[in-house]
Each structure stands twice: as C-alpha cells, then as structure tokens.
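A note on names: the letters A, B, ... follow the listed sequences, proteins ahead of strands, and every chain is numbered from 1. Bear in mind that the values here come from a model prediction, so they are computed numbers and not experimental data.
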Amino acid sequence: MINYEEKIAEILAQQIPDLEKAEILGMIEKPQDSRMGDYAFPCFRLAKVMKKAPPLIAGGITEAIESNTLFEKVEQVNAYVNMFVSRDEFVKNVIEEVVSGGEDYGKSGQGEGKPVIVEYSSPNIAKPFHIGHIRSTVIGASIAHIYEFLGYDVTRINHLGDYGTQFGKMIVAYRHWGNKQDVIDEPIRTLLSYYTRFHIEVENDPSLEDEARATFARLEAGETEEMELWQWFRDESLREFSRVYDMLGITYDSYAGESFYSDKMPRFVKELSEKGLMEEDQGAQIVRLEEYGMSPALITKSDGSTLYITRDIAAAVYRKETYDFYKNIYVVASQQNLHFQQWIKILELMGYEWAQDCVHVPFGLVSLEDGTMSTREGRVVFLEEVLKGAVDKTREIIREKNPDADDETVEEIARAVGIGAVVFNELSNYRIKDYVFSWSNVLNFEGETGPYVQYTHARACSILRNAGEDTVTAASRGFDPGYITSDSAYDLAKLLYEFPAVIEDAGAKYEPSVVTRHIVDIAQSFNRFYHDEHILVEDEDERVAKIAMVIAAKTVIKTGLGLLGMKVPERM
RNA sequence: GGGGCACUAGCUCAACGGAUAGAGUACCAGACUUCGAAUCUGUCGGUUCCGGGUUCGAAUCCCGGGUGCCUCGCCA
C-alpha cells in the first residue's frame with residue numbers, strides 16, 4: 001500500500017532543501033473538513049527559512065505536487081496546499097489489501113518477537129472483584145492484544161495481591177469470628193465480612209493490629225498453620241476471580257503475585273544496603289529520594305517485614321532475568337504514581353539500566369454516585385454483577401427483537417453483546433480520566449457503544465449471507481472501483497486505510513481508546529455508506545465491487561473489536 | 001502545606017500548535033412494502049474554568065489564579 005504522507009514528504013523534500021524529510025513529514029496534516037482535501041500542508045513556518053511569503057511558497061509547492069498522479073486535485077488556499085487523493089486507485093488498493101490480508105490486515109512486524117510483559121488486573125485476594133478492577137483488567141488485556149498484534153512476544157502476568165499485613169488481619173479475624181462452611185459457601189463475601197469486622201473491632205481493641213502484624217510475620221516465616229489458612233483463602237478467591245476472567249475471555253501466562261517474591265527479597269534489601277542507598281530511620285529501613293523531588297521510600301518496616309516496593313523491586317529483577325523483557329508494562333491505578341516513580345528511581349540508582357524499559361500505565365479512579373468505593377465499609381459494586389446485569393438486559397432485547405431464536409443462541413449472543421458493552425464502554429475514554437460508575441451508562445446500547453459496533457458487524461455479515469457465496473468469492477478476486485463513488489464509501493475506505501497506523505499509535509501511547517474511537521468512526525461510516533447506496537444491486541460488476549467494500553469493513557471491525565478483547569457475533 | 005492529574009455543548013467525551021472547536025446522548029422534526037430501525041437524516045446547543053504571556057496562528061505550549069480528585073515512611 002502506498003504511504004501517502006511519505007510520498008508527499010519525498011516530493012516536498014526536494015522543494016524545501018532547508019528541512020529534513022522527517023520534519024516535513026511531521027508538518028503534513030489531515031484536514032478535519034474533507035472538503036479541504038485528504039492531506040494538507042501549511043506553509044507559514046517556511047516563511048522564515050525560505051524568506052518568502054507563505055502563499056507564494058504554497059503556490060510553488062502546489063505546482064510541484066500537481067505533476068504527481070497520486071492526486072487528482074491539488075489546491076492552494078492562502079498558505080495551505082490541499083491535496084485530493086485519486087480515488088479510484090486508492091479505493092482499489094485499500095480494499096484489495098484488506099480483503100487479501102483478512103485477519104492479518106493491520107498487523108505489523110515492528111515487534112520482531114521482542115518480549116513484552118504486561119501486568120494487569122492484579123486483584124487482592126480475599127477482597128471483592130469490584131467495578132474498580134475492571135479498568136486494569138480490561139485496559140491491560142487490550143494492551144496485551146495490541147502488542148501481540150504488533151508482533152511482540154507478550155507475557156501476561158496477574159500480579160495477585162496475595163500477601164501483606166492484610167492477611168494477618170484476615171487470619172486473626174477468621175480465628176476470632178470465622179466459620180469454615182461460610183467461607184466454602186461464599187468465599188469472597190465471607191472473607192470480606194471478616195475484614196470489615198476486623199476494622200470495626202480494632203476501634204475498641206487496638207491490640208488486634210499488633211496481633212495481625214505478628215500473624216503476618218509468622219506467615220512470612222513460613223509457619224504451617226498460617227500458611228495453610230493463607231493457601232486456602234487464596235485458592236477460594238482465585239476460583240471466584242476465574243469466573244469473571246472466563247466471562248471476559250481473559251487469560252494469563254503467570255499468576256506469580258506478591259507472595260511469589262516473598263523469599264526473593266532479602267537479596268535486594270542487602271544490595272540496597274551494600275550500595276549505600278538505604279538508611280535506618282525510626283527503626284525502619286528507607287531510601288531517601290529528596291534530591292529527586294520525592295518523599296522517602298520505605299523498604300522494610302520497623303518489625304523487619306517487607307513492603308510493597310521491596311516486592312516490586314524483586315519482581316522486576318526476576319522478570320528481567322526470566323523473560324529478558326524489551327518492555328515491562330504495569331497497568332496500575334494512577335493512585336500509585338508516586339510509588340512507581342520511587343520504584344523506577346531506586347532501580348536506576350541500583351544501577352539497572354533496564355529501569356527505563358519499565359513503564360507504568362496509569363488510569364483514573366472509578367467512584368460510585370454516593371462516593372468513593374470502600375472495601376472496608378462494604379461500599380462496592382461487584383464486577384460480576386455488572387456483567388450479569390448487562391447480559392440480562394441484552395437477553396431481553398434479543399428476545400424482543402427475535403422471538404424465534406433458540407435459548408442456546410440467545411444466551412451466547414447475550415453474553416457476547418452484554419459483556420462487550422461493558423468492555424467497550426470501559427475502553428471508550430482516555431484511561432487517565434476519572435469517572436463515576438452508572439448503570440444507565442453501561443446499559444446504554446445506542447450511539448457510540450459496543451452493541452452499536454457489533455450490530456454494524458452483524459449487519460455486514462447479513463449482507464454477505466444474502467449476497468451469496470459466489471459474489472463474495474468473486475469480490476475477493478477483484479473488482480472495479482469505478483462503482484464505488486460516493487463520499488461515504490470513500491470516507492470509509494480512508495478509515496480502513498488508517499487502521500494500521502491507529503493500532504501503532506495506540507500501542508505507542510498504551511491507549512486502547514484510540515482503537516475504540518476509530519472503530520466507532522468505521523461503524524458510523526459504514527452505516528452511512530449502507531444508507532447512501534444500495535449494495536445488492538442487479539448489475540453483477542457493481543454488486544461485486546460493493547460487496548468487496550462490505551467485506552473490508554467487516555474485517556477491520558472484527559479485528560478492531562478483537563483488539564479490545566470483545567467477541568464479534570455474526571448475528572444478534 | 002508540598003507534588004501529581006483533571007477541567008471543552010444540559011450530560012458523557014473527541015480535536016499532530018493550524019482553516020468555521022467536532023461526535024454521541026438528551027430535546028424536537030423526519031426516514032422501515034426495498035440489503036437488519038441496537039440504524040440513518042435534520043434542527044437546537046460554546047466566554048474550551050479565569051487572567052496574563054509566547055506565536056503568523058493557542059482548547060493545545062509557558063507563568064499566575066480557581067475548582068475537583070489522587071498522593072506525601074511502617075496498607076497495597
């Protein structure tokens with residue numbers, strides 16, 4: 001496929017000897033209003049270098065580009081050079097490329113099989129998997145898909161929060177007020193109730209805190225009784241988490257969480273000490289970071305037990321040694337920005353030059369209409385309930401629209417569309433933004449939503465079924481672009497052309513919403529094309545050409561939704 | 001108090017430093033005997049939080065202020 005921007009830059013590089021081609025490339029624009037052309041080049045900044053008035057420069061450039069057949073029209077508007085791509089050739093090339101590429105269209109060799117780690121979801125054991133966890137889970141899964149698509153060798157890690165003083169609290173609470181059968185029947189809710197009760201009881205009996213710390217210290221020391229309880233809580237919790245992961249279609253290569261590194265930390269505590277980075281303060285071991293504009297980082301507590309950051313140091317080194325990562329990506333809430341800055345700085349100070357390959361991908365906070373979620377106070381919305389709620393609503397809609405469908409089909413589509421709606425909604429906006437969870441928002445299936453895009457895909461599939469196998473086969477062999485002439489068809493072709501660049505951009509920014517928005521644009525564009533033109537016309541050549549367009553749009557929508565981690569049903 | 005992030009249409013959000021700031025939603029008005037109406041078309045809707053500055057050009061960059069959220073050694 002022709003890279004138009006490259007081509008324009010090549011021509012302009014000869015016209016503007018004072019600028020590097022890369023600089024020129026950066027100056028090429030895509031006008032928001034397509035009446036201004038497909039590409040535009042503003043000449044204001046050249047005035048100083050070339051010592052001429054911008055419109056004069058634009059005039060010269062216009063002439064130079066006019067001689068190229070890639071463009072059917074080149075227009076000067078004041079200091080702008082507006083370029084209009086030759087449509088027939090463009091449309092033919094794009095559609096052929098998508099149709100022949102199929103599910104590989106948009107893939108890139110940029111990754112060259114380099115190892116990339118994506119750490120995401122990482123819920124705390126024995127605590128509810130709530131709506132706040134959807135962010136890391138879904139954003140991380142999508143980033144993993146995107147990097148895989150770009151050719152990287154991706155390892156997915158669920159860094160479970162399965163360690164720390166909280167388990168001391170949990171064990172203490174269980175021993176005082178627990179019941180085995182309750183835990184077996186409803187693990188998370190029961191364990192959460194222990195955790196909540198602990199925080200109520202501790203108000204009247206502060207010694208419980210000490211008891212919890214001591215209990216965790218015994219766990220860290222590997223005492224059998226504490227280890228068994230901990231293992232049991234972990235197993236029960238993980239079983240509940242996997243239900244949600246199954247619904248979301250999320251998988252992992254490793255569940256090595258915090259506990260996995262519990263015996264790998266002394267080495268680094270020693271190393272920090274030997275490298276003179278650590279000092280004692282009020283009984284705790286700390287690394288001072290004032291000169292880097294940060295507060296000190298606590299490495300070990302005054303009772304000698306370790307902290308989060310210590311485990312993260314151990315985990316990073318372990319991952320470097322095990323996977324030799326090219327990039328080590330952490331999809332973790334922006335609340336932990338300071339923690340990650342401290343941690344990367346400490347790795348740097350320890351002399352690990354790969355610290356710069358570790359990337360924190362932060363995201364904003366989810367709150368509820370009545371305030372911030374609080375596990376301790378039991379003010380949470382369970383993710384599983386949100387997913388089930390969305391599936392329930394979808395099931396009703398399908399039954400209403402399609403009363404004849406059999407139960408099994410309805411159930412399968414309801415899951416794909418309902419869960420897809422939640423996932424798509426989550427990946428619609430920039431991840432750094434905070435938002436307030438609202439049922440009416442996730443259960444909205446009209447406009448810029450997952451179901452809308454899935455519907456568009458199903459509609460395209462329906463047209464292809466009606467067109468018949470012969471026409472579809474013919475379209476994949478070749479077609480005459482002269483039949484695809486409307487503006488809406490051309491706009492659609494442009495969006496399909498941009499798809500590979502959009503994926504690269506999303507990868508570079510660790511920002512799935514870039515993909516989400518582009519797929520919405522494609523769906524909108526396709527629906528306009530659908531309404532503007534009759535596709536299954538009598539004339540065979542015209543029909544074949546339009547079906548090629550439908551195949552291309554369907555293909556890219558499917559790939560795009562796949563990168564978001566969504567299922568793409570052919571009927572709904 | 002220190003540090004960080006956010007602020008754009010009634011609401012939810014877009015906009016590589018570029019041309020008249022765009023979508024969805026809500027409201028209103030239209031389009032199914034025709035390829036799927038979970039769709040499409042149109043109308044309405046703006047002091048881009050405020051004030052300076054840089055620039056040919058600022059929602060975007062810099063400085064100051066405001067509001068909200070996050071965070072600042074023994075949780076993660």
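Heavy atoms of A/Asn82 sit under 4.0 angstrom from at least one base atom. The residue A/Ala40 sits close to a base: some heavy atom pair falls under 4.0 Å. Heavy atoms of A/Met572 sit under 4.0 angstrom from at least one base atom. No engagement by A/Glu280 is indicated, since no non-hydrogen atom pair under 4.0 Å with the nucleic acid exists. No engagement by A/Val520 is indicated, since no non-hydrogen atom pair under 4.0 Å with the nucleic acid exists.
Under the Watson-Crick or G-U wobble criterion, with both distances below 3.5 Å, B/rC61 is paired with B/rG53. B/rG1 is paired with B/rC72 under the criterion used here, namely a Watson-Crick or G-U wobble arrangement in which both key atom distances are under 3.5 Å. Under the Watson-Crick and G-U wobble criteria, each requiring two contacts below 3.5 Å, nucleotide B/rC7 is paired to B/rG66. A 3.5 Å limit on both hydrogen-bonding distances identifies no Watson-Crick or G-U partner for B/rU34. Nucleotide B/rG17 forms a pair with no other nucleotide shown, judged by Watson-Crick or G-U wobble geometry with both contacts under 3.5 Å.
Residue pairs meeting the ring-ring contact (aromatic ring centres under 6.0 Å, His included) criterion with at least one partner in residues 413-437 of chain A, sequence neighbours excluded, are A/Phe437-A/Trp439. Applying the salt bridge (Lys or Arg N to Asp or Glu O under 4.0 Å) test to residues at least two apart or on different chains, the pairs with a partner in residues 290-307 of chain A are A/Arg288-A/Glu290.
A distance of about 15 Å separates the P atoms of B/rC16 and B/rC62, rounded to the whole Å. Straight-line distance between the C1' atoms of B/rU47 and B/rG66: roughly 16 Å, to the nearest whole Å. Comparing the same atom, P, in B/rC5 and in B/rA21 gives a spacing of 29 Å after rounding to whole Å. Here, B/rA29 and B/rC69 have their C1' atoms 41 Å apart, quoted to the whole Å. B/rG46 sits 13 Å from B/rU20 when the C1' atoms are compared, rounded to a whole Å. The P atoms of B/rU8 and B/rU60 are separated by 14 Å, rounded to the nearest whole Å. Atom C1' of B/rG42 sits at a distance of 43 Å from the matching atom of B/rG53, rounded to the whole Å. Spacing of P atoms, B/rG64 relative to B/rG2, comes out at 12 Å, to the nearest Å.
Closest to the side chain of A/Asn337, out of B/rA38, B/rG4, B/rC35, is B/rG4. Comparing B/rU41, B/rA23, B/rG18 by their closest approach to the side chain of A/Phe44 singles out B/rG18. Which of B/rA19, B/rC35, B/rA38 sits closest to the side chain of A/Ile398 comes down to B/rA38.
Put simply, A/Asn466 has a side-chain N or O that comes within less than 4.0 Å of OP1 or OP2 on B/rG36. The side chain of A/Arg459 places no N or O atom within less than 4.0 Å of a non-bridging phosphate oxygen (OP1 or OP2) of B/rU39.
Rounded to an integer number of Å, the gap from CZ of A/Phe445 to P of B/rU39 is 12 Å. Regarding A/Glu446, its CD atom lies at a distance of 19 Å from the P atom of B/rG36, rounded to whole Å. Between the P atom of B/rG24 and the CG atom of A/Asp521 lies a distance of 10 Å, rounded to the nearest Å. Spacing between atom CG of A/Asp33 and atom P of B/rA14 amounts to 22 Å, rounded to whole angstrom units. Here B/rC40 presents its P atom at 12 Å from OH of A/Tyr530, a figure rounded to the nearest Å. Atom-to-atom, NZ of A/Lys401 to P of B/rA37 comes out at 10 Å; the value is rounded to the nearest Å. Distance A/Phe529 CZ to B/rC35 P: 16 Å, rounded to the nearest Å. For A/Phe424 and B/rG24, the CZ to P distance is 14 Å, given to the nearest whole Å.
Relative orientation of the A/Tyr4 and A/Tyr497 rings is perpendicular, given thresholds of 30° and 60° on the angle between their planes. Aromatic ring orientation, A/Trp230 versus A/Tyr163: perpendicular (interplanar angle above 60°, classes split at 30° and 60°). Ring-plane geometry between A/His130 and A/His133 is classed as tilted, the angle between the planes lying from 30 to 60 degrees on a 0 to 90 degree scale.
Under the stacking definition used here (centres under 5.5 Å, planes under 30°), the residue A/His534 qualifies as stacked on the base of B/rC35. Residue ring and nucleobase are stacked for A/Tyr80 and B/rA19, with a centre distance beneath 5.5 angstrom and an angle between planes beneath 30°.
Its glycosidic angle being more than 90° from 0, B/rG64 falls on the anti side. In this structure, B/rC28 is classed as anti because its glycosidic torsion departs from zero by more than 90°.
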Worked check of side-chain contact (heavy atoms from CB on, under 4.5 Å) between A/Val515 and A/Ile519: CA-CA 6 Å; A/Val515 179; A/Ile519 305 170; 3.7 Å; yes

With ring-ring contact (aromatic ring centres under 6.0 Å, His included) as the criterion, how do A/Phe44 and A/Tyr80 come out once you've worked through the C-alpha distance, each side chain's angles and the decisive distance to 0.1 Å? CA-CA 8 Å; A/Phe44 303 100; A/Tyr80 284 91; 5.7 Å; yes

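A/Thr409 meets the side-chain contact (heavy atoms from CB on, under 4.5 Å) test with A/Asp406, A/Ile413; sequence neighbours excluded.
The side chain to side chain contact (heavy atoms under 4.5 Å, CB included) test with A/Ile286 singles out one residue from A/Ile299, A/Leu272, A/Leu298, and that residue is A/Leu298. The residue from A/Asn441, A/Val520, A/Leu564, A/Thr516 that alone fulfils the side chain to side chain contact (heavy atoms under 4.5 Å, CB included) condition with A/Ser428 is A/Thr516.
Between A/Ile309 and A/His339, the closest heavy-atom pair is CA-CE1, 3.6 Å.
With RNA chain B read from its 5' end, the first of the two nearest nucleotides for A/Lys48 and A/Arg571 is the one closest to A/Arg571. For A/Ser462 and A/Asn527, each mapped to the nucleotide of RNA chain B holding its nearest heavy atom, the one lying further toward the 5' end belongs to A/Ser462.
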5' to 3', nucleotides 6-12 of chain B under a 4.0 Å protein heavy-atom cut-off (B base, S sugar-phosphate only, - none) gives SS-----

Its contact letters, B for base, S for sugar-phosphate only and - for none at protein heavy atoms under 4.0 Å, make nucleotides 68-76 of chain B read -SSSSBBSB

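Remark: A/Leu365 CG to A/Ile432 CD1 distance equals 11.0 Å, nearest 0.5 Å.
Both cation-pi conditions hold for A/Lys264 and A/Phe260: the charged atom is under 6.0 angstrom from the six-membered ring centre and inside a 45 degree cone around its axis.
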Measure all distances between protein nitrogen or oxygen atoms and nitrogen or oxygen atoms of nucleotides 15-17 of chain B, and list the pairs falling under 3.5 Å.
from, atom 1, to, atom 2, distance (Å)
B/rA15, OP1, A/Tyr430, OH, 2.4
B/rA15, O2', A/Gln32, NE2, 2.7
B/rC16, N4, A/Glu29, OE1, 3.0
B/rC16, N4, A/Glu29, OE2, 2.4

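Between A/Phe340 and A/Tyr330, the ring centre distance stays below 6.0 Å.
At least one donor-acceptor pair under 3.5 Å links the side chain of A/Glu23 to the backbone N or O of A/Glu20.
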